[in-house]
Amino acid sequence: MTETSSLSPGEVVRSRRGKDEGQLAVVIALTDERFAIVADGDKRRFDRPKRKNLLHLESVGIVNDEVASSIRDTGRVTNGKLRHAVVTAMRRLEAHAEEKGE
């Protein structure tokens, strides 16, 4: 449980429950100690993000600095940057899985 509470804006996460189970998204904000606001720039755009329980999110260990700095500086981020963050994370995870032979 301590792992999920350490999420920060710009961090790429995988949904563990719900209709979007298994999908990657980027944390936009933390509403309180229990919920995060996530978006992927495609199905969940920045202007209509999803509120998810932190227990239903799994960090993939990737933080996109460009998204994090954009949110920190302006409070907003483009959907293109979100899509790019998700695609980049997906490629890194696939490359890592190939290295391990999975």
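Numbering starts at 1 and runs along the sequence shown.
- Identified under the salt bridge (Lys or Arg N to Asp or Glu O under 4.0 Å) test for residues 36-49, with sequence neighbours left out: none.
- The nearest pair of heavy atoms linking P9 to A29 is CG-CA, 4.5 Å.
- Shown here are the side chain to side chain contact (heavy atoms under 4.5 Å, CB included) partners of N53, two or more places apart in sequence or in another chain: R34, F35, L55, H56.
- Grouping Ile, Leu, Val, Met, Phe, Trp and Tyr by side-chain contacts under 4.5 Å, direct or through others, puts I28 with V12, L24, V26, I37, F46, V60, I62, V67, I71, V77, L82, V86, M90, L93.
- In terms of heavy atoms, G61 sits closest to S59 at N-OG, 3.2 Å.
- Minimum heavy-atom separation, A36 to L54: CB-CD2, 3.6 Å.
- Here H84 pairs with T88 under the side chain to side chain contact (heavy atoms under 4.5 Å, CB included) rule; sequence neighbours left out.
- Listed by chain and number, the residues in a side chain to side chain contact (heavy atoms under 4.5 Å, CB included) with E66 are N64, K81 (sequence neighbours excluded).
- Shown here are the side chain to side chain contact (heavy atoms under 4.5 Å, CB included) partners of S8, two or more places apart in sequence or in another chain: E11.
- Taking all atoms of both residues into account, the shortest heavy-atom contact from S70 to R76 is OG-O, 2.8 Å.
- Under the salt bridge (Lys or Arg N to Asp or Glu O under 4.0 Å) criterion, the residue pairs touching residues 17-27 are D20-K52, with sequence neighbours excluded.
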